[in-house]
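Treat the numbers as computed from the prediction; the structure is a model and nothing was measured. Residue numbering restarts at 1 for every chain, and letters A, B, ... go by the order of the sequence lines.
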2 protein chains.
Amino acid sequence: MVTKGLRAGNVYDANCPTRLVLDRIADKWSVLVLGLLAHEPIRFNELRRRIDGISQKVLAQALRQLERDGLVNRKVTPTVPVTVEYSITPLGRTLSKTVDALSAWAEKHFSDVQRAQQAYDRQAAR
Amino acid sequence: MVTKGLRAGNVYDANCPTRLVLDRIADKWSVLVLGLLAHEPIRFNELRRRIDGISQKVLAQALRQLERDGLVNRKVTPTVPVTVEYSITPLGRTLSKTVDALSAWAEKHFSDVQRAQQAYDRQAAR
DNA sequence: CAGAATCCAGCTCGATACTG
DNA sequence: CAGTATCGAGCTGGATTCTG
């Protein structure tokens, strides 16, 4: 049951709006898309090409979410065929900064993580 | 097949080790668990109670991943019944800082996101 | 208390085909 | 070019039961 006077601060409550947002942005594709758009506007198929392994369906979904959340803009140019350019919004830019920190952490520490995994797996093997 | 001379920098390559790490940590449960353990060690059922909506199965999975990645410690005390305490590792602590930034962003901007969603949905209704 | 094991419904995702 | 629509395979995750 949802408490009426629910405070926004408790991220650990499933009904907390903040957690609804967190669930959305703690997604690998969003992280990657935002990271790319932070540098420059990019069109659909170019994004698809740059993000190895993403399918057209999932990319379309991710972009729609990001647009709905006000994090990216979608600009349609009615050429033939049409071109659609995605760019980051001011709000999206504030997020991309913390998201960059996440990527940076991964780059810096992946070897530590790999070592930990190998140690763990050796242990589990017995 | 993983290319031998693969550089660590390209997060947008599916075979990049960094992205393997990123995929793992860009997960809502990991974010929440790390956020709690950053403050104090916590036992299994207590974590379960504090994280609203997580099932025992998923929590166990998340914790095993985090332990394997070297981000949390698992300490078993052979009382009857046993108690298992999870705590954050030094490596985990470096991550929890950037992860906190993510939570903070969500808390700070969720109203902006909600407004954007409502505007988007009004638009889509027509 | 802290899980592992089982079972199964539901959702996700990729592949494919089609459209403005 | 930038998608949408449809359709299965498969993975995810909840509920339940059982254990040291």
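Taking every side-chain heavy atom of A/Asn45 into account, D/dA2 is the closest of D/dA2, C/dA15, C/dA4. Across D/dC1, D/dC7, D/dG14, the shortest atom-to-atom separation from the side chain of B/Ser55 is found for D/dG14. Distances were taken from every side-chain heavy atom of A/Lys57 (C-beta onward) to each of C/dT6, D/dA5, C/dG14; the shortest belongs to C/dG14. Side chain of A/Ala60, nearest nucleotide from D/dT4, C/dG3, D/dG13: D/dT4.
What separates CD of B/Gln56 from P of D/dT19 is a distance of 16 Å, to the nearest Å. Spacing between atom CD of B/Glu46 and atom C1' of C/dG3 amounts to 17 Å, rounded to whole angstrom units. Across the protein-nucleic acid pair, B/Arg50 atom CZ and C/dA2 atom P stand 13 Å apart, rounded to whole Å. Rounded to an integer number of Å, the gap from NZ of A/Lys28 to P of D/dT12 is 11 Å. Between the CG atom of A/Leu59 and the P atom of D/dT4 there is a distance of 11 Å, given to the nearest Å. Rounded to a whole Å, the CD1 atom of B/Ile54 is 12 Å from the C1' atom of D/dG14. With rounding to whole Å, B/Glu85 atom CD is found 10 Å from C/dA2 atom P. Residue B/Phe44 contributes atom CZ, which lies 14 Å from atom C1' of D/dT19 at whole-angstrom precision.
In terms of polar N and O atoms assigned as donor or acceptor, the side chain of A/Gln61 never comes within less than 3.5 Å of the base of C/dT12 in a complementary pairing.
Among the heavy atoms of the strands, none lies under 4.0 Å from A/Arg48.
Between B/Glu85 and B/Thr77 there is no side-chain heavy-atom pair separated by less than 4.5 Å.
The side chain of A/Tyr86 places no N or O atom within less than 4.0 Å of a non-bridging phosphate oxygen (OP1 or OP2) of D/dC1.
Closest approach of A/Ala62 and A/Trp29 over heavy atoms only: CB-CB, 4.5 Å.
Residues from residues 62-83 of chain A placing a heavy atom under 4.0 Å of any atom in DNA chain D, listed by number, are A/Arg64, A/Arg74, A/Pro81, A/Val82, A/Thr83.
Taking OG of B/Ser96 as the reference point, atom CG of B/Leu36 lies at 11.0 Å (rounded to 0.5 Å). Distance check: A/Lys108 NZ to B/Thr98 OG1 gives 11.0 Å after rounding to the nearest 0.5 Å.
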message: Between A/Arg43 and A/Val84, is the side-chain contact (heavy atoms from CB on, under 4.5 Å) condition met? List the steps.
response: CA-CA 6 Å; A/Arg43 291 187 300 162; A/Val84 180; over 6 Å; no
Give every donor-acceptor pair under 3.5 Å between a side-chain atom in residues 68-76 of chain B and any protein atom, sequence neighbours left out.
residue, atom, partner, partner atom, Å
B/Arg68, NH1, A/Asp121, OD1, 2.8
B/Arg68, NH1, A/Asp121, OD2, 2.5
B/Asp69, OD1, A/Gln117, NE2, 2.8
B/Asp69, OD1, B/Arg24, NH1, 3.1
B/Asp69, OD2, B/Arg24, NH1, 3.2
B/Arg74, NE, B/Tyr86, OH, 3.3

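A salt bridge does not link B/Asp100 with B/Lys97: every distance from a Lys NZ or Arg NE/NH1/NH2 to an Asp or Glu carboxylate oxygen is 4.0 Å or more.
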